[in-house]
Chemist: 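Below is the structure I would like to discuss, written out as structure tokens.
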Amino acid sequence: MAAREKLIGTWKLVSWEISYSPDGAVTCPFGQNPEGILIYSPDGYMSANISQADRSRFNSASVRKASEVEKCMAFESNFSYAGPFTIEGDHVIHRVDHALNPMMVGTIQRRHMEFVDRSLILSAEETLGEKNRRHRLHWVKAEPNHD
């Protein structure tokens, strides 16, 4: 089966780890049990939404009445973006059209893909000053919902 055929569908997040070199530190940006959904549609669009588990609810039913602290915490505990995708070999390329973080709009996010059984491992590397960091996100194919 071709990579595109394997990729199409809905995936649920299992883990997100960032490892740093040369010191070997490992962090989990949204904790040990993050929640997330990743959708690749047959028409060539993708959408990703990741959040910290057990996020605090606002004290008001309306987001417009939430405090600045509540809004800040909601922003810091969620990550999302969407746009068209293409595949180049063992990489998926996301072209960001929409994002919670406006600085991501217009960027290209290149992810290495690895398929293992019903799992998808997406990884990306970047350099920050003297350190390198590697993101590794483990996704599992969602079971069809036939309610």
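Source: prediction; values computed, not measured.
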Chemist: Can you see which heavy atom on Ser80 is nearest to which on Asn49, and at what distance?
Modeler: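 Distance-wise, the nearest heavy atoms are CB-ND2, 3.7 Å.
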Chemist: Rounded to the nearest 0.5 Å, what separation is found between the CG atom of Asp97 and the OG atom of Ser47?
Modeler: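 Spacing of CG (Asp97) from OG (Ser47) equals 11.0 Å.
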Chemist: Quick one, Asp54 and Gln52 - any side-chain contact, counting heavy atoms below 4.5 Å?
Modeler: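 Side chain of Asp54 against side chain of Gln52, heavy atoms only: no contact under 4.5 Å found.
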Chemist: Using the ring pair (Phe, Tyr, Trp, His ring centres under 6.0 Å) criterion, which residues pair with Phe30? Sequence neighbours excluded.
Modeler: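 Listed in chain order: Trp16.
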Chemist: Tell me whether Trp139 is reachable from Ile8 by hopping between hydrophobic residues (I, L, V, M, F, W, Y) whose side-chain heavy atoms are closer than 4.5 Å.
Modeler: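 The answer is yes; both residues are in one hydrophobic cluster.
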Chemist: Is it possible for you to say whether Met113 and Leu38 belong to one hydrophobic cluster, with membership spreading through side-chain heavy-atom contacts below 4.5 Å?
Modeler: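 Shared cluster, yes.
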Chemist: Please test Thr86 against Arg95 for side chain to side chain donor-acceptor pair (under 3.5 Å), starting from the C-alpha separation and ending with a verdict.
Modeler: CA-CA 9 Å; Thr86 55; Arg95 288 172 174 76; 3.1 Å; yes
Chemist: Taking atom CD of Glu125 and atom OG of Ser21, what is their separation to the nearest 0.5 Å?
Modeler: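 Result: 7.5 Å between the selected atoms.
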Chemist: Any salt bridge (Lys or Arg N to Asp or Glu O under 4.0 Å) involving residues 98-112? Give me the pairs, sequence neighbours left out, ordered by first then second residue.
Modeler: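 Only Glu88-Arg110 qualify under salt bridge (Lys or Arg N to Asp or Glu O under 4.0 Å).
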Chemist: Quick check: closest heavy atoms across Met73 and Ser77, and the distance to 0.1 Å?
Modeler: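 Smallest heavy-atom distance, with atoms named: O-OG, 2.9 Å.
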Chemist: Is any side-chain heavy atom of Ile93 less than 4.5 Å from a side-chain heavy atom of Ile87?
Modeler: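 Of all side-chain heavy-atom pairs linking Ile87 with Ile93, none is under 4.5 Å.
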Chemist: With sequence neighbours left out, write down each residue that passes salt bridge (charged side-chain N to carboxylate O under 4.0 Å, His left out) with Glu143, or none if nothing qualifies.
Modeler: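 By the salt bridge (charged side-chain N to carboxylate O under 4.0 Å, His left out) rule, Glu143 matches Arg118.
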Chemist: Set out, in order, the CA-CA distance, both residues' side-chain angles and the distance that settles ring pair (Phe, Tyr, Trp, His ring centres under 6.0 Å) for Phe85 and Tyr45, then state yes or no.
Modeler: CA-CA 6 Å; Phe85 76 92; Tyr45 280 82; 8.4 Å; no
Chemist: Please check if the number of heavy atoms outside Lys6 that lie under 6.0 Å from its NZ is greater than 12.
Modeler: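 Check passes, neighbour count above 12.
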Chemist: Checking side chain to side chain contact (heavy atoms under 4.5 Å, CB included) for the pair Val26/Ile18: CA distance, chi angles, key distance, verdict?
Modeler: CA-CA 6 Å; Val26 176; Ile18 303 174; over 6 Å; no
Chemist: Let's go through Leu7 and Leu120 carefully: what are the C-alpha distance in whole Å and the side-chain angles of both, what is the deciding distance for side chain to side chain contact (heavy atoms under 4.5 Å, CB included) to 0.1 Å, and is it a yes or a no?
Modeler: CA-CA 8 Å; Leu7 195 60; Leu120 167 66; 3.7 Å; yes
Chemist: Within the supplied structure, the quantity of interest is the number of heavy atoms (other residues, nucleotides, ligands) at a distance under 6.0 Å from Asp43 CG; does it exceed 12?
Modeler: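 Yes.
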Chemist: Restricting to salt bridge (charged side-chain N to carboxylate O under 4.0 Å, His left out), what partner residues turn up for Glu70, sequence neighbours left out?
Modeler: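 In terms of salt bridge (charged side-chain N to carboxylate O under 4.0 Å, His left out), with neighbours along the sequence ignored, Glu70 is linked to no residue.
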Chemist: List the steps and the verdict of side chain to side chain donor-acceptor pair (under 3.5 Å) for Ser19 and Arg134.
Modeler: CA-CA 5 Å; Ser19 56; Arg134 182 173 186 257; 5.4 Å; no
Chemist: Give the minimum heavy-atom separation between Val105 and Ala99, together with the two atoms involved.
Modeler: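 Closest approach of Val105 to Ala99, heavy atoms only: CG2-N, 3.9 Å.
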Chemist: Which other residues belong to the hydrophobic cluster containing Leu128, where Ile, Leu, Val, Met, Phe, Trp and Tyr are joined when side-chain heavy atoms lie under 4.5 Å apart, directly or via other members?
Modeler: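 Joined to Leu128, directly or through intermediates: none.
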Chemist: What pairs with Thr107 under side-chain hydrogen bond (donor to acceptor under 3.5 Å, both in side chains), at least two apart in sequence or on another chain?
Modeler: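 Expected list: Gln109.
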Chemist: Tell me, please, which residues at least two apart from Asp23 pass salt bridge (charged side-chain N to carboxylate O under 4.0 Å, His left out).
Modeler: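 By the salt bridge (charged side-chain N to carboxylate O under 4.0 Å, His left out) rule, Asp23 matches Lys131.
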Chemist: Do the ring centers of Tyr81 and His94 come within less than 6.0 Å of each other?
Modeler: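 Ring-ring flag for Tyr81/His94: true, centres closer than 6.0 Å.
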Chemist: Does one hydrophobic cluster hold both Ile50 and Met104, with members joined at side-chain heavy-atom distances below 4.5 Å?
Modeler: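 Yes, it is one cluster - the side chains of Ile50 and Met104 are joined through contacts under 4.5 Å.
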Chemist: Determine, using the 4.5 Å side-chain heavy-atom cutoff (strictly less than), whether Trp11 and Val14 are members of one ILVMFWY cluster.
Modeler: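 No, Trp11 does not connect to Val14 through the hydrophobic network.
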Chemist: Side-chain heavy atoms under 4.5 angstrom apart, residues restricted to Ile, Leu, Val, Met, Phe, Trp, Tyr: same cluster for Leu137 and Tyr20?
Modeler: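 Per the 4.5 Å side-chain linkage, Leu137 and Tyr20 are co-clustered.
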Chemist: Transitive ILVMFWY cluster of Phe75 at side-chain heavy atoms under 4.5 Å: who else is in it?
Modeler: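 Members other than Phe75 - counting any ILVMFWY side chain reachable under 4.5 Å - are Leu100.
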Chemist: Listed by chain and number, what are the side-chain hydrogen bond (donor to acceptor under 3.5 Å, both in side chains) partners of Glu126, not counting sequence neighbours?
Modeler: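 Glu126: side-chain hydrogen bond (donor to acceptor under 3.5 Å, both in side chains) contacts with Arg133, His135.
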Chemist: Here's a test for you: under side-chain hydrogen bond (donor to acceptor under 3.5 Å, both in side chains), which of Lys141, His138, Glu114 qualifies with Ser119?
Modeler: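 When side-chain hydrogen bond (donor to acceptor under 3.5 Å, both in side chains) is applied between Ser119 and each of Lys141, His138, Glu114, only His138 qualifies.
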Chemist: If the condition is side-chain hydrogen bond (donor to acceptor under 3.5 Å, both in side chains), which residues does His112 pass it with, not counting sequence neighbours?
Modeler: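 Testing His112 for side-chain hydrogen bond (donor to acceptor under 3.5 Å, both in side chains), a comparison that skips the adjacent residues, returns Asp90.
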Chemist: How long is the gap from CG on Asn101 to CG on Asn78, to the nearest 0.5 Å?
Modeler: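 Nearest 0.5 Å value for the CG-CG distance: 11.0 Å.
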Chemist: Applying salt bridge (charged side-chain N to carboxylate O under 4.0 Å, His left out), can you list everything that pairs with Glu5, at least two apart in sequence or on another chain?
Modeler: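 With neighbours one apart ignored, the set is empty.
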Chemist: Who are the side-chain hydrogen bond (donor to acceptor under 3.5 Å, both in side chains) partners of Arg4, not counting sequence neighbours?
Modeler: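 With neighbours one apart ignored, the set is empty.
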Chemist: Just by distance, no angles: are the side chains of Arg136 and Ser123 close enough, under 3.5 Å, to form a donor-acceptor pair?
Modeler: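 No, no side-chain donor-acceptor pair sits under 3.5 Å.
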